[in-house]
Amino acid sequence: MRILQPARGTSDLLPSDKARHNQVVSTAQTISARCGFQDMATPIFEFTDVFRRPLGDTSDVVSKETYSFEDRGGTELTLRPENTAAVMRAVISNGLTQTLPQKYFYAGPMFRYERPQKGRMRQFHQIGVELIGPSSPLADAEVITCGADILDELGVLSKCTLHLNSLGDTESRQAYRAALISYLTQYQDSLSEDSQRRLSQNPLRILDSKDETDRQIIADAPILSDYLNEASRAHYDVLTNALSKAGIDFVADPRLVRGLDYYCHTAFEFITDALGAQGTVLGGGRYDGLAEMLGGPALPAVGFAAGIERLSLLIDEPAAASADLMVISLDKELEAEAFALASQLRRAGYSVDVPFSGNLGKKLKRADKLGAPRVILLGTDEWHNNQLQVKSLATGDTALVARDDLLSFLS
RNA sequence: GCGGGUGUAGCUCAGUUGGUUAGAGCGCCAGUUUGUGGCACUGGAGGUCGCCGGUUCGAAACCGGUCACUCGCCCCA
């Protein structure tokens with residue numbers, strides 16, 4: 001074990017990386033606030049059952065990817081692998097089920113023990129929204145539209161395609177699941193090893209298998225939409241109509257499913273081909289069954305999560321913050337005065353740099369690099385006359401300014 | 001968890017069939033210029049050649065293991 005490198009699947013966010021993260025988070029927060037989603041946060045770890053119960057033992061996320069541990073008091077805890085279950089737990093814990101709907105935005109780190117790849121970290125970061133209370137398909141439409149607007153604001157919507165599907169309600173999904181299993185069982189021996197395992201654990205997952213033979217078998221498999229009952233069909237129709245009216249493009253993708261057990265009705269993913277195998281940039285769906293799985297009341301809800309690292313890979317780097325001013329003393333005797341002046345200017349709201357070393361040429365070069373448009377120079381003669389030089393780096397012009405007039409000159 | 005690829009300076013990369021003190025460009029620091037920037041020139045710092053072991057008179061190079069990244073599977077945001 002070498003401590004001079006970050007643990008596998010984690011990474012440092014140096015300023016240029018952090019700037020991208022901040023850009024994603026602040027944009028998502030602003031856009032989702034426009035839809036009424038309020039920023040909130042839940043703890044980084046929860047009782048293990050918060051994730052284990054709703055996510056199900058068939059989910060890899062819980063069965064083999066969690067960071068779970070026993071604390072010093074013997075309590076079983078888990079670093080959150082996703083945030084939806086935790087937000088729902090918070091809604092129930094705080095008695096917020098009495099005041100619905102609740103609309104939340106969150107951003108923060110999640111943890112999954114996976115094999116790292118580009119866009120797939122062990123500590124990764126997500127932004128997301130949860131709309132808890134309404135069962136109306138218009139709530140689904142609002143969540144999807146909010147996601148699309150965030151991607152658009154970040155400039156990545158054009159690189160993504162919205163895939164949409166309905167998993168139906170419990171009745172529809174169970175009918176389909178039975179039909180699918182019955183169909184696939186005929187070809188059991190021809191299925192890939194992964195899909196044979198999925199047949200018993202999570203048969204819907206076989207629909208998006210990448211194995212060539214699997215795909216041929218799936219081509220003639222029953223279609224989920226044929227098994228939607230009337231209510232599920234109506235839910236989907238209202239949603240698609242609302243999206244079309246709101247100008248949200250999508251493709252119906254009957255093979256789109258979700259890995260987590262609590263999803264029903266709407267499933268959607270914004271997918272890009274710019275990130276290799278990690279193409280899903282923002283995904284979510286309806287999870288009416290989650291609250292009950294946690295031991296709460298029946299509580300319809302819909303939401304999405306998006307990977308900040310993946311979005312960061314797609315956006316242009318935000319412009320770095322530049323300094324407004326640099327204060328330079330031309331005489332070593334005046335260094336403390338320069339520092340005092342810089343402090344005063346900072347308190348007045350300016351972003352000010354004070355160089356610590358170098359001759360005048362180096363200092364001006366540094367001012368250039370920091371993007372400071374103006375430099376204040378303290379020369380001995382001027383200083384004794386209560387004057388300062390204010391030099392514009394763009395024009396090279398230098399103005400002589402009385403010390404007392406500096407702030408008004410600058411503004 | 002499975003299969004493939006890659007690890008040399010902060011970054012991008014050279015490094016001959018294994019041979020003396022491992023190089024370049026960019027970046028960084030300093031000087032030319034202790035009172036006026038972007039250019040240029042000169043100099044400097046910075047490397048356990050990912051790590052450990054093996055082969056060899058001799059390893060950055062060959063072999064084994066390991067760690068990390070990366071591509072695909074898997075999973076998913």
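Naming convention: chains lettered A, B, ... in sequence-line order (proteins, then strands); numbering from 1 in each chain.
- Residue A:Ser357 is classed as a sugar-phosphate contact, given heavy-atom separations below 4.0 Å to backbone atoms only.
- Within 4.0 Å (heavy atoms only), A:Ile127 reaches no atom of the nucleic acid at all.
- Taking the side chain of A:Lys365 as heavy atoms from C-beta on, and the options B:A77, B:G38, B:C74, the nearest nucleotide is B:G38.
- In this structure, A:Glu309 reaches neither bases nor backbone, as no heavy-atom distance under 4.0 Å exists between it and the strands shown.
- Nucleotide B:G64 is matched to B:C52 when pairs are restricted to Watson-Crick or G-U wobble geometry with both distances under 3.5 angstrom.
- Counting any heavy atom pair closer than 4.0 Å across all strands shown, A:Gly283 reaches sugar-phosphate atoms only and no base atom.
- If A:Glu114 and A:Gly276 are placed on RNA chain B by their nearest nucleotide, the residue sitting closer to the 5' end is A:Gly276.
- Candidate nucleotides B:A30, B:C74, B:G37 were compared by shortest atom distance to the side chain of A:Leu364, and B:G37 ranks first.
- Residue order along RNA chain B, read from the 5' end via each residue's closest nucleotide, puts A:Lys391 first among A:Gln126 and A:Lys391.
- Between the base of B:C74 and the side chain of A:Arg198 there is no donor-acceptor pair shorter than 3.5 Å.
- Taking 4.0 angstrom as the limit, A:Asn359 places none of its side-chain polar atoms (N or O) nearer than this to OP1 or OP2 of B:A30.
- Separating the CD1 atom of A:Ile328 from the P atom of B:U34 is a distance of 15 Å, rounded to the nearest angstrom.
- Contact check, A:Arg8 against B:C67: no side-chain N or O comes under 4.0 Å of OP1 or OP2.
- What separates CZ of A:Arg115 from P of B:C69 is a distance of 10 Å, to the nearest Å.
- Counting to the nearest Å, the C1' atom of B:G38 and the NZ atom of A:Lys362 are 12 Å from each other.
- Nucleic acid contact class of A:Leu330 (heavy atoms, under 4.0 Å, all strands): base.
- Comparing atom distances between the A:Arg120 side chain and each of B:U36, B:G31, B:C74 picks out B:C74 as nearest.
- Rounding to the nearest 0.5 Å gives a distance of 13.0 Å between CG of A:Leu77 and CD1 of A:Ile44.
- Taking the side chain of A:Leu393 as heavy atoms from C-beta on, and the options B:G37, B:U36, B:A68, the nearest nucleotide is B:G37.
- For A:Arg80 and A:Phe111, the positive end is not near the middle of the six-membered ring at less than 6.0 Å and at most 45° from its axis.
- Within the nucleic acid shown, A:Gly358 comes within 4.0 Å of sugar-phosphate atoms alone, with no base atom in reach, counting heavy atoms only.
- Ionic pairing of A:Asp368 and A:Lys365 is not present here: no N-O contact between side-chain nitrogen and carboxylate oxygen is shorter than 4.0 angstrom.
- Within 4.0 Å (heavy atoms only), A:Glu269 reaches no atom of the nucleic acid at all.
- The aromatic ring centroids of A:Phe37 and A:Phe105 lie 6.0 Å or more from each other.
- Contact annotation: A:Lys332 side-chain N/O to B:U34 OP1/OP2 distance is not under 4.0 Å.
- In this structure, A:Phe124 reaches the bases: a heavy-atom distance under 4.0 Å links it to at least one base atom across the strands shown.
- Remark: aromatic rings of A:Tyr183 and A:Tyr187 are close, center separation under 6.0 Å.
- In this structure, A:Asp211 reaches neither bases nor backbone, as no heavy-atom distance under 4.0 Å exists between it and the strands shown.
- If you check every strand for non-hydrogen atoms under 4.0 Å, A:Lys363 touches nothing.
- Distance from the side chain of A:Gln5 is smallest for B:C67 among the nucleotides B:C76, B:C67, B:C75.
- Nucleic acid contact for A:Ser392: base, since at least one base atom lies under 4.0 Å from a heavy atom of the residue.
- Distance from the side chain of A:Lys210 is smallest for B:C74 among the nucleotides B:C74, B:U32, B:C67.
- A salt bridge links A:Arg286 with A:Asp140: at least one charged nitrogen is closer than 4.0 Å to a carboxylate oxygen.
- The CG atom of A:Leu370 sits 16 Å away from the P atom of B:G27 (whole-angstrom rounding).
- In this structure, B:C11 and B:G25 make a Watson-Crick or G-U wobble pair, each of the two defining distances being under 3.5 angstrom.
- Candidate nucleotides B:C28, B:G35, B:A77 were compared by shortest atom distance to the side chain of A:Thr280, and B:A77 ranks first.
- With respect to A:Arg197 and A:Asp194, a salt bridge is recorded, a charged nitrogen being found less than 4.0 Å from a carboxylate O.
- Between A:Asp237 and A:Arg233, at least one side-chain nitrogen of the basic residue sits less than 4.0 Å from a carboxylate oxygen of the acidic one, meeting the salt-bridge criterion.
- Counting to the nearest Å, the P atom of B:C28 and the CG atom of A:Asp368 are 12 Å from each other.
- For B:G1, the paired nucleotide is B:C73, the pair qualifying as Watson-Crick or G-U wobble because both relevant distances are below 3.5 Å.
- Among the protein residues, A:Gly147 comes within range of no part of the nucleic acid, since none of its heavy atoms lies under 4.0 Å from any strand.
- Nucleotide B:U16 forms a pair with no other nucleotide shown, judged by Watson-Crick or G-U wobble geometry with both contacts under 3.5 Å.
- Here A:Gly284 lies out of heavy-atom contact (under 4.0 Å) with every strand.
- Following rounding to the nearest Å, A:Asp208 (CG) and B:G72 (C1') show an atom-to-atom distance of 16 Å.
- Side chain of A:Glu65, nearest nucleotide from B:C75, B:C69, B:G35: B:C75.
- In this structure, CZ of A:Arg80 is placed 17 Å from C1' of B:C76, rounded to the nearest angstrom.
- When heavy atoms are screened at a 4.0 angstrom cut-off, A:Glu382 is found touching base atoms of the nucleic acid.
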